[in-house]
Structure formats: structure tokens, C-alpha cells
Amino acid sequence: MLLDQPVVDIGAVVRVEIEDAVAASMLAQQSGVMAGNVIVVDDDGIVTQSADADDISLQGEALHSSIVIAKDQLRHKGAGAGVMVGPREGACNPLSILGVSACLSPRRSMLLAAMQRMRIKELLAAETPPGEVRVQGWVRTRRDSKTFSFLEVNDGSSLASLQVIYDASIEGYAANLPHLHTGSSVDVSGVVVRSQGKGQNWELQVRSLAVLGAAPETYPLQKKRHTREFLREIAHLRPRTNLFGAVFRVRSRLSFAIHRFFQERGFVHVHTPIITASDCEGAGEMFRVTTLEGQAFTAPEAETRDFFGKRTFLTVSGQLEGETFACAFSNIYTFGPTFRAENSNTARHAAEFWMIEPEMAFCDLTGDMEVAESLIQFLIRDALDHCTEDLAFCNEFVDQGLLERLRLIAGRPFSRISYTDAVEILLRSGKTFEYPVVWGQHLQTEHERYLSEEHCRGPVTIYDYPASIKPFYMRQNEDGKTVAAMDLLVPGIGEIIGGSQREERLDRLSQAMHSQGLREEDYWWYTDLRRYGTVPHAGFGLGFERLVMMVTGVENIRDVIPFPRTPRNAEF
RNA sequence: UCCGGCAUAGCUCAGCGGUAGAGCGGGUGGCUGUUAACCACUAGGUCGUAGGUUCGAAUCCUACUGCCGGAGCCA
């Protein structure tokens with residue numbers, strides 16, 4: 001089709017972004033383009049001239065501020081129009097002209113938009129060739145042959161990339177090639193054909209390719225293995241790697257599966273507050289929330305003049321609020337961020353993390369343990385079913401025993417041992433521990449590891465802990481020494497769930513609060529639950545990141561949170 | 001916060017008292033339906049910061065900063 005009409009109306013606004021410099025005239029020569037439509041734009045991108053030209057090399061002075069659209073390319077498949085943009089200022093020597101930009105003309109945008117994008121995951125899974133398609137994504141790697149290039153394009157829909165065959169005869173090849181580094185974003189249209197090479201069923205034969213954004217050689221991600229430590233320093237780019245792609249797709253799926261588990265069982269999702277005045281006793285140091293500054297902050301009675309009129313913090317748990325809703329809806333769950341201001345420097349702790357906290361009325365500790373165990377098994381099975389490719393990758397590159405372990409956990413009942421029996425087992429183990437095993441003391445990490453990794457060789461729930469080492473709200477057992485608490489321990493991770501039956505008897509609760517030095521009036525609304533229609537109830541907290549660690553095998557919590565917050569680290 | 005380790009090219013590391021090195025990545029050229037492609041050439045570094053010891057320090061000592069591993073706190 002020959003264009004007799006101006007390409008673009010005078011006065012139209014064209015978005016022009018010159019980011020990458022290439023000689024415009026060289027592209028024209030290499031492409032054999034000697035005739036085209038030239039539009040001239042001013043600095044605001046408004047079209048001031050629009051004309052059909054027989055020889056663009058004659059445009060001379062005008063080229064420095066023009067967009068040149070080759071006629072051939074407009075004819076080519078309708079979708080392959082190339083756009084060249086000259087710099088908007090500077091000298092006009094054709095050989096020094098900079099800026100062949102990958103920006104799209106309105107016409108080209110329109111033409112490309114007409115073809116619907118296909119996600120690479122669907123494309124690769126196709127039974128029969130989908131014909132002509134359009135994909136958009138980022139170049140993972142490029143391999144050049146004499147007459148064509150292989151591009152691996154990934155759009156995040158799956159671990160696998162699409163192999164794209166870019167033939168040198170395609171318009172724009174020579175100009176685009178220097179921009180097609182690892183990390184560049186591309187918009188590709190072409191035909192899906194059966195691959196001649198090994199490693200993939202389908203590949204894409206390019207008919208038209210546009211570089212949306214080039215990634216110059218300073219792009220930090222190379223097509224090789226990087227350490228997790230380095231990738232943490234470029235947390236904004238690491239989701240583009242295989243491992244973090246897999247981890248965050250699994251994380252997303254697990255998040256969905258958690259809602260599925262509870263929603264299918266009639267639990268009501270509750271958004272508990274993030275700013276709170278109450279300390280869920282025993283949950284650690286809290287971040288203070290305040291609008292006070294300078295001297296006002298340290299002044300006596302400062303909190304009465306603060307935003308909320310009292311001292312407030314970022315929540316460490318939604319449990320207390322969750323209990324109030326459980327005492328209305330029977331079964332509820334929360335799923336949200338929680339915060340701990342502990343100076344923890346370990347692979348398992350973060351200052352900001354996500355927690356799932358179900359709370360069930362008319363439920364005792366046994367029921368609590370049953371829900372906790374079936375939740376873990378449900379989540380593992382869901383991930384095995386829906387994240388097969390990503391977990392296979394983790395199994396190969398993170399932890400070679402991962403899949404075997406996950407199947408084991410999902411497939412058989414968990415062990416259950418009372419705290420008192422656990423102490424006996426540890427004492428009779430014949431092991432020498434760094435910390436002595438004493439009834440009434442916390443189980444140390446080394447003790448928990450022995451129980452789950454050696455004694456049970458799988459997940460184990462420890463229950464009925466000494467009252468002296470647990471918070472006030474846990475239900476006192478009849479032995480007068482223990483409370484109805486439980487911890488679910490997983491090999492390699494440690495405690496993944498901590499929960500309890502709550503003390504529903506007002507007198508016992510008051511007594512526990514006094515003996516732990518708490519002012520009952522600060523918790524008046526919490527104790528009200530025991531005053532008005534109290535019921536036995538129980539719940540637990542599941543650390544979401546620890547779950548993701550368990551399912552992916554990734555051993556550091558900083559690598560399963562998109563932008564981890566740990567002491568001295570909140571860059572992104 | 002405590003204990004231990006580490007800090008050298010864009011990345012991963014070697015060098016451990018005497019002129020700063022390799023592989024990968026980048027650039028250039030070649031070759032090939034390749035798939036962490038391959039071959040050749042090439043560019044690239046105040047050896048974390050500040051002191052000290054020494055004729056001489058990347059190397060030995062001290063402090064600081066950051067990171068990593070373990071512990072505690074917990075999820």
C-alpha cells in the first residue's frame with residue numbers, strides 16, 4: 001500500500017523518547033530504505049510537518065527532528081512498521097545523527113494493539129501450533145548465527161522462556177541487534193513453528209520485532225549464576241532471574257491456596273488492624289507509631305498528645321482482634337503483615353513478615369492441631385499440583401531432596417508429642433546438647449531439630465508446654481503446670497506454626513494476667529469476650545515466609561520476601 | 001544483641017610482605033540450528049574505610065562499616 005495521505009495529522013502529538021543512540025542514517029542504508037514518510041515534530045512532540053518523501057537521505061536538515069516511517073515497513077504485514085527518530089537538537093551530519101528509538105508511532109501502536117498478546121506459558125503449553133502470535137517480554141539471552149539470532153524471551157508467566165528466531169532479513173534486524181542484550185524488553189510478532197532444536201517444542205519465527213526498552217551493558221544480571229547475597233543488593237531486578245521467578249510464583253500460589261483452604265471450610269477473612277495499642281504478650285519488641293517529633297516525643301505524657309491519644313505500635317499479631325471475630329463468626333482467619341522490632345540477624349527472621357492466623361470458636365487444642373496439620377498438607381499438595389515446573393527447578397538448583405520431602409510431608413500423618421514426653425525423649429537420646437534439657441525451660445533450636453529431623457524424621461507437633469514459658473492467654477491445663485499450647489516443627493525450618501487453646505474462663509485469665517504483670521484494664525475489651533457468652537476457642541499463627549521457605553527449599557527468609565526488611569535494610 | 005568468618009575487575013574468586021591475576025560478563029572479529037553456545041583478540045581495579053608496623057602492605061596489627069553463618073528472641 002502506498003501512502004498518499006500524510007501519515008500523521010498536523011498537530012497530532014507523538015510520544016518521542018530518545019534513549020539509545022544509533023546512527024539513523026545507517027539504519028536507513030542498511031535496511032535499504034530510501035523512501036519513506038517523514039514527520040517533523042517539535043520539542044513537545046507535536047507534529048509540524050508530515051509528508052511522503054522519495055528519498056529520505058535528501059531530508060537533510062529536517063531529519064534531526066523527524067520521525068521517518070519506511071513505506072516498505074508499513075506494507076510489511078501491517079504490524080511491522082519501523083520507526084526512526086532523529087535527535088531533536090544538534091548537528092545534522094547523517095553519520096552523527098543519534099537516536100533510532102524504539103518508540104511507537106500512533107499508527108504502529110494501533111496496528112500492534114490489533115494483535116492480542118499471548119502469554120509464553122500458554123504458548124509453550126499449546127498442543128497444536130497457535131499460528132501467528134504476539135509476545136512481549138524481556139530478553140534473557142541471545143545467541144547469534146550468521147544469518148539469524150536466537151533470543152530467549154521470558155514474560156514471567158513461567159520459568160521457561162520462548163525461543164525466538166530472529167532472521168537477519170527482517171526489517172530492523174541490524175538496528176535492533178545491538179539493543180538485544182540480556183534484560184531488554186521486546187514486543188515480538190511472528191509465527192509459531194515446531195522447533196528444530198532440542199529443549200523446546202515450539203519456537204517463534206519473527207515477522208516483526210520492536211525493542212521497547214534496551215538494557216545496556218551496565219545491566220547487572222548476567223546470563224550466569226549469581227549469589228543470593230549479590231541479588232539481594234539488586235532486589236528490584238532479581239525477580240527477573242529463574243530462581244526468584246520460581247519463588248515468587250510459588251509464593252503467589254500459596255497465598256491463593258491459603259484463602260482457598262479457609263474459604264472452602266467456611267472461615268471468614270478478617271482484616272485486623274496494622275496500627276494497634278495492644279501488645280500480644282510474648283510476641284516481641286514493637287515498632288512505635290507516632291506523629292510526634294523532637295522534644296514532643298520525649299516530653300512527659302507525650303502519648304496523650306500523640307495522634308491517637310495513646311501509645312501505638314505496628315501490630316505483632318492479629319490474634320486478640322481475631323478472637324473477637326471468632327466469637328461472632330465461629331471460624332475466622334487473618335492474613336496480613338506483622339512487624340517485630342527485634343534486632344534479629346538470622347535466616348529465619350524479618351522485621352516485616354506475613355502471618356496467617358485462624359481462630360476457631362467451639363474448638364479445643366486437638367481441633368487446633370488438626371486444622372494446622374491439614375492446612376500444611378493442603379498447601380504442599382496444592383503447590384505440588386500447580387507449581388510443578390517451579391518446584392522441579394527448586395529441586396534441581398536449591399535442594400535436591402525437596403520434592404521427596406514435600407511428598408513425604410503431604411502424604412502421612414504428623415507426629416504428636418507432649419512437651420513432657422519430648423523432654424524425656426531428649427534426655428534419653430544419648431545426645432550431648434550445648435544447652436541442657438530441663439523440664440520447664442524452652443526447647444532450644446538444637447532440641448527442636450533433633451525431634452523433627454532425627455527422632456520423627458518429619459513434621460512434629462509438640463503440645464502442652466509449661467505455663468511459665470508461655471503467654472497469659474493460653475488455656476491452663478488441669479495439671480496446674482502446663483497450658484494447651486502447641487508448636488508445629490518442620491525439618492530444616494524449625495517452628496512454622498505456634499498456637500494454643502485460649503483461656504476462656506475469666507477468673508483464670510485474670511489470674512494469669514496478674515501473675516505476668518499485665519494491667520487488666522488495658523485489655524478490657526479482650527476480657528469482655530469472657531464476660532459475655534464465652535466459648536472454648538483456639539487458634540494459631542503460621543509464618544507465611546517460613547511456609548514459602550519450606551515449600552521452595554530456599555533457606556533464607558530474605559529470599560522469599562520481595563523486599564525484605566531486616567535490621568539496617570530497607571532500601572527498596 | 002552475642003560468637004565466628006568474610007570484604008581484590010561488572011559478577012564469582014585466586015593471590016597472603018617485593019611491578020594486580022583467572023573464569024564468566026562487556027567490546028571487536030570469526031564460526032556454528034544454537035540453547036550457561038564455541039574460538040581469537042581487547043578494555044576494565046586508590047585490593048571496604050581510617051590509622052599503625054615495615055625500606056616496602058592487597059598481604060601483618062588496631063578500630064570502624066557492611067555482609068555472611070550460628071545463637072538468642074519468635075512466625
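Chain identifiers are assigned alphabetically (A, B, ...) following the order of the sequence lines, protein sequences preceding nucleic acid strands; residue numbering begins at 1 within each chain. These numbers come from the heavy atoms of this one structure, side chains and all, not from hydrogens, waters or symmetry mates.
- Listed by chain and residue number, nothing satisfies the salt bridge (Lys or Arg N to Asp or Glu O under 4.0 Å) test with A/Arg140 (two or more places apart in sequence, or in another chain).
- Straight-line distance between the C1' atoms of B/A20 and B/G52: roughly 24 Å, to the nearest whole Å.
- Nucleotides B/U35 and B/G48, compared at atom P, are 38 Å apart to the nearest Å.
- Heavy atoms of A/Tyr219 sit nowhere under 4.0 angstrom from any nucleic acid atom.
- For A/Gln444 against B/G72, no side-chain N or O and base N or O form a donor-acceptor pair under 3.5 Å.
- Between the C1' atom of B/U28 and the NE2 atom of A/His181 lies a distance of 12 Å, rounded to the nearest Å.
- Nucleotides B/A50 and B/A7 have their C1' atoms positioned 15 Å apart, rounded to a whole Å.
- Partners of A/Glu545 under the salt bridge (Lys or Arg N to Asp or Glu O under 4.0 Å) rule, at least two apart in sequence or in another chain, are A/Arg251.
- Across every strand in view, B/A71 sits in a pair with B/U1 that passes the Watson-Crick or G-U test at under 3.5 angstrom.
- We find that CZ of A/Phe353 is positioned 7 Å from C1' of B/C74, with the value rounded to whole Å.
- Within 4.0 Å (heavy atoms only), A/Thr338 reaches no atom of the nucleic acid at all.
- Side chains of A/Arg143 and A/Ser145: a donor-acceptor N/O pair is absent below 3.5 angstrom, by distance only.
- Centroid-to-centroid, the aromatic rings of A/Phe433 and A/His447 come within less than 6.0 Å.
- B/A75 atom C1' lies 14 Å from atom NE2 of A/His442, rounded to whole Å.
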Inset, instruction - Take nucleotides 32-41 of chain B nucleotide by nucleotide from the 5' end and write B, S or -, depending on whether a protein heavy atom sits under 4.0 Å from the base, only from the sugar-phosphate, or from neither. - result: BBBBBB----

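- Separation of the A/Phe335 and A/Phe544 ring centroids falls under the 6.0 Å cut-off.
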Polar-atom pairs under 3.5 Å, protein N or O versus N or O of nucleotides 2-4 of chain B: list them with distances, or write none.
none

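- By the side-chain contact (heavy atoms from CB on, under 4.5 Å) test, A/Ser418 pairs with A/Thr420, A/Asp421, A/Tyr463, sequence neighbours left out.
- Legend: residues meeting salt bridge (Lys or Arg N to Asp or Glu O under 4.0 Å) with A/Arg558, ordered by chain and number and at least two apart, are absent.
- The base-pairing partner of B/U42, taking Watson-Crick or G-U wobble contacts with both distances under 3.5 Å, is B/G26.
- The distance from atom CE of A/Met486 to atom C1' of B/A75 is 12 Å, rounded to the nearest whole Å.
- Pairing for B/U19 is absent, with no Watson-Crick or G-U wobble pair whose two atom distances lie under 3.5 Å.
- Nucleotides B/C2 and B/C64 place their P atoms 11 Å apart, quoted to the nearest Å.
- Within residues 228-241 of chain A, the residues approaching RNA chain B are A/Glu229, A/Phe230, A/Arg232, by heavy-atom distance under 4.0 Å.
- Under the salt bridge (Lys or Arg N to Asp or Glu O under 4.0 Å) criterion, no residue pair touches residues 560-572 of chain A, with sequence neighbours excluded.
- B/G29 sits 15 Å from B/A43 when the C1' atoms are compared, rounded to a whole Å.
- How far CZ of A/Phe414 is from CD1 of A/Ile409: 6.5 Å, rounded to the nearest 0.5 Å.
- Look at CZ on A/Arg565: it is 18 Å from C1' on B/A75, rounded to the nearest Å.
- Side-chain nitrogen and oxygen atoms of A/Thr218 include none within less than 4.0 Å of the OP1 or OP2 phosphate oxygen of B/G26.
- Comparing B/C41 with B/C55, their C1' atoms are spaced 40 Å from each other, to the whole Å.
- Nucleotides B/U28 and B/U19 place their C1' atoms 29 Å apart, quoted to the nearest Å.
- Taking atom CD of A/Gln222 as the reference point, atom C1' of B/A9 lies 11 Å away to the nearest angstrom.
- In this structure, A/Phe397 and A/Phe393 have tilted ring planes: the angle between them lies in the 30° to 60° band.
- Of the residues near RNA chain B, A/Thr227 and A/Ile497, the one whose nearest nucleotide (by heavy atom distance) lies more toward the 5' end is A/Thr227.
- The side-chain tip of A/Arg311 does not point at the ring of A/Phe313 from less than 6.0 angstrom away and within 45° of straight on.
- Residues satisfying the salt bridge (Lys or Arg N to Asp or Glu O under 4.0 Å) test with A/Lys431, not counting sequence neighbours, are A/Glu454.
- Listed by first and then second residue, the salt bridge (Lys or Arg N to Asp or Glu O under 4.0 Å) pairs that reach into residues 467-477 of chain A are A/Lys470-A/Asp487, A/Arg475-A/Glu504, sequence neighbours excluded.
- In this structure, A/His269 and A/His259 have perpendicular ring planes: the angle between them is above 60°, well past the 30° mark.
- Screening residues 139-163 of chain A for ring-ring contact (aromatic ring centres under 6.0 Å, His included) gives A/Phe148-A/Phe150 as the qualifying pairs, with residues at least two apart or on separate chains.
- B/C68 sits 14 Å from B/U8 when the P atoms are compared, rounded to a whole Å.
- Within residues 539-558 of chain A, the residues that place at least one heavy atom under 4.0 Å from RNA chain B are, in residue-number order, A/Gly541, A/Gly543, A/Arg546, A/Asn556, A/Ile557, A/Arg558.
- Searching all strands for a Watson-Crick or G-U wobble partner of B/C64 with both distances below 3.5 Å returns B/G48.
- Rounded to a whole Å, the CD atom of A/Glu285 is 16 Å from the C1' atom of B/A75.
- Taking atom CG of residue A/Asn343 and atom P of nucleotide B/A71, one finds them 16 Å apart after rounding to whole Å.
- Under the 4.0 Å criterion applied to side-chain N and carboxylate O atoms, A/Arg194 and A/Glu203 are not assigned as salt-bridge partners.
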